[in-house]
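Computed from a prediction, not measured in an experiment: that's the story for all the values here.
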Amino acid sequence: MTGAERHLDGDTDHGPADDGLADGLDRLWTPHRMTYISGEDRPEGGYEKPAGCPFCLAPGLPPERSLVVARGAHVFAVLNLYPYNPGHLLVCPYRHVADYTELDQAETVELAAFTQTAMRVVRQVSSAHGFNLGMNQGGVAGAGIAAHLHQHVVPRWGGDINFMPVIGRTKVLPQLLSDTRELLARAWPS
């Protein structure tokens, strides 16, 4: 349905102003994201403790459930469950630390090496034109899970910000996360 939503009784909901004009936006419903937005899937004690931290739990899950792409001695690479773009990886230390300054030298070196490898692998698998790399340190800086450090590796392509997110306010991900994980895991050097 284009524009305003029609209720079962035929009335049209034009939004809070109810000025009679539709907003002109199509709706692509992604109800699975509501769990993330509402925090329903947050553990009772939050992410502060390793027992409730998805980055602490992921390495112990089967690959098809964890989305872990590669494992090192001190860090691992995992697909972001709510990616900005296809192939959006997170490089995480196994150790539950919040701040970059808390990493020891071996963790810091391996995190950097995994970030480089992630870029090479994503380029090989999907011909990414560029990357956004970054860490959000603390909730006020945008970290959704501030208690466990994670480096974002977000692939970018020319034109990846096209009419869908800009005008259509919709993000299109052309591949299932499990399929993306399989491609990246197979291409990751042993």
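Of all heavy-atom pairs between V69 and L79, the closest is CG2-CG, 4.2 Å. Here the shortest heavy-atom pairing between V121 and P189 reads CG2-CD, 3.9 Å. For the pair A118 and V153, the tightest heavy-atom approach, listed with the atom from each and the gap, is CB-CG1, 4.2 Å. Contact record, C92 with H150: SG-CB, 3.7 Å, taken as the closest heavy-atom pair. Considering every non-hydrogen atom in both A146 and G139, the closest pair reads CB-N, 3.7 Å. Across every non-hydrogen atom of P155 and P86, the tightest pair is CG-O, 3.0 Å.
Atom CD of E110 and atom CD of Q105 lie 12.5 Å apart (nearest 0.5 Å). A distance of 10.5 Å separates CZ in F131 from CG in N85, rounded to the nearest 0.5 Å. In this structure, CG on L90 lies 5.5 Å from NE2 on H152, to the nearest 0.5 angstrom. In this structure, the separation between CD on Q151 and CG on L103 is 10.5 Å, given to the nearest 0.5 Å. Between the OG1 atom in T117 and the CD atom in Q124 there is a gap of 11.0 Å [rounded to 0.5 Å].
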Notebook entry, point to check: Do V78 and R181 pass the side chain to side chain contact (heavy atoms under 4.5 Å, CB included) test, and can you show the C-alpha distance, the side-chain angles, and the key distance before you say yes or no?
Noted result: CA-CA 8 Å; V78 61; R181 191 209 73 78; over 6 Å; no

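L61 and F55 are members of different hydrophobic clusters when ILVMFWY side chains are connected at heavy-atom separations under 4.5 Å. Residues L133 and L149 are members of one and the same hydrophobic cluster, defined by side-chain heavy-atom contacts under 4.5 angstrom among Ile, Leu, Val, Met, Phe, Trp and Tyr. Residues Y82 and V91 fall within the same hydrophobic cluster, defined by Ile, Leu, Val, Met, Phe, Trp and Tyr side chains chained together at heavy-atom separations under 4.5 Å.
Every side chain to side chain contact (heavy atoms under 4.5 Å, CB included) that E102 has, sequence neighbours left out, goes to V97, A98, D99. With sequence neighbours left out, S178 forms a side chain to side chain contact (heavy atoms under 4.5 Å, CB included) with L176.
In this structure a side-chain-to-backbone donor-acceptor pair under 3.5 Å is present from H129 to G158. Using a distance-only test at 3.5 Å, with no hydrogens or angles considered, a donor-acceptor pair links the side chain of W157 to the main chain of S127. For Y94 (side chain) and G72 (main-chain N/O), a donor-acceptor pair under 3.5 Å exists by modelled atom type.
Ring geometry, H96 versus H148: the interplanar angle exceeds 60°, so the pair is classed perpendicular (tilted spans 30 to 60°).
In this structure, the side chains of E182 and R186 come closer than 4.5 Å at one or more pairs of heavy atoms. Contact annotation: the side chain of R156 approaches that of N132 to within less than 4.5 Å [non-hydrogen atoms, C-beta and beyond]. Between M135 and L111, the closest side-chain pair of non-hydrogen atoms falls below 4.5 Å. Contact check for T180 versus S126: no side-chain heavy atoms found under the 4.5 Å cut-off. With contacts defined as side-chain heavy-atom distances shorter than 4.5 Å, the pair L184/L89 qualifies.
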